[in-house]
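Along the sequence shown, residues are numbered consecutively beginning with 1.
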Amino acid sequence: PEWSYSQMKVIIDSGIDYAVANKRGMLPGPSSKAIDLGELAHMFVLGGDAEIFSVTPYSDFRCKEARDWKAEQLAAGKTIITKDQYDSIAQIVDNIEGHPMSKKLLKGENVKHEIEMYATAEGVKLRGKADAMLVDGDALIITDIKTTAQFDEWKYKSMRRHYDLQAATYSLIGSASTKTSPSKCNFYFCVVETVAPYRVQYHHAGLE
């Protein structure tokens, strides 16, 4: 019954009627699932069911052996990725884990991953899922991983994509969930480039 950030931003872009229809599952979804390097990055950095992905040993699926292998993987509910895609995600994960801030914000002691959060604001039930959460004394730190192929443009596009709404919502929900002061909640975006050279940069979301 709760509203999430990703659902609420649809209200801003497309209106409440479209957002409610989308929330209720009344709109058609995509015809096929595209390979999402961001989803892969989340799984390999934060943990998750990485076994749902299979690396294909074939360059294409024109021969019967390759087609049979593909059918077997799809029947098992797996998403097929290429060796190049696997190599890309491996480099992305290495760069994330090698960033000095990751040692505290993503991989540090007492950091919890993929934490469900709930709160009520102005009578509206809200929920969120923090990629990483750390209670540091009386302060709260929330970190969200964002992937982009346009790394240098991210700081300009973040507002158009309503990431300010996400930072504000998660700070509110996280503070309520952990009973910490909202003024002592620090929200970070870990921005990761999905094309070479796979740069990583942390952005702190200030209250303003």
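- Formation of a donor-acceptor pair under 3.5 Å by the Ser171 side chain with backbone atoms of Cys185 is not found in this model.
- When the shell of 6.0 Å around OH of Tyr86 is examined, it contains 12 or fewer heavy atoms from other residues, nucleotides or ligands.
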Only pairs under 3.5 Å count here: list side-chain donor-acceptor contacts from residues 13-24, not counting sequence neighbours, and write none if there are none.
from: Asp13; atom 1: OD1; to: His162; atom 2: NE2; distance (Å): 2.8
from: Lys23; atom 1: NZ; to: Glu2; atom 2: O; distance (Å): 2.6

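- Considering every non-hydrogen atom in both Ile173 and Gly128, the closest pair reads CD1-N, 4.0 Å.
- Under a 4.0 Å N-O distance rule, the pair Asp68/Lys70 does not qualify as a salt bridge.
- Evaluation of the ring pair (Phe, Tyr, Trp, His ring centres under 6.0 Å) test over residues 103-158, restricted to residues two or more places apart or in two chains, returns Trp154-Tyr163, Trp154-Phe189, Trp154-His203.
- For Lys103, the NZ atom sits in a packed shell: over 12 heavy atoms of surrounding residues, nucleotides or ligands are nearer than 6.0 Å.
- Annotation: Glu116, atom CD; neighbour count of heavy atoms from other residues, nucleotides and ligands within 6.0 Å is above 12.
- Here the side chain of Lys155 pairs a donor or acceptor atom with the backbone of Asp152 at under 3.5 angstrom.
- Using modelled atom types, no side-chain atom of Thr120 and backbone atom of Gly123 make a donor-acceptor pair closer than 3.5 Å.
- The salt bridge (Lys or Arg N to Asp or Glu O under 4.0 Å) check on Asp131 picks up nothing, with sequence neighbours excluded.
- Judged purely by atom type and a 3.5 angstrom limit, Arg67 uses its side chain to pair as donor or acceptor with the backbone of Arg62.
- With Leu106 as the fixed residue, the side chain to side chain contact (heavy atoms under 4.5 Å, CB included) test singles out one of Leu46, Val111, Leu134: Leu46.
- Checked for salt-bridge contact, Glu97 and Lys107 meet the test: a charged N lies under 4.0 Å from a carboxylate O.
- A salt bridge does not link Asp144 to Lys129: none of the charged side-chain nitrogens sits closer than 4.0 Å to a carboxylate oxygen.
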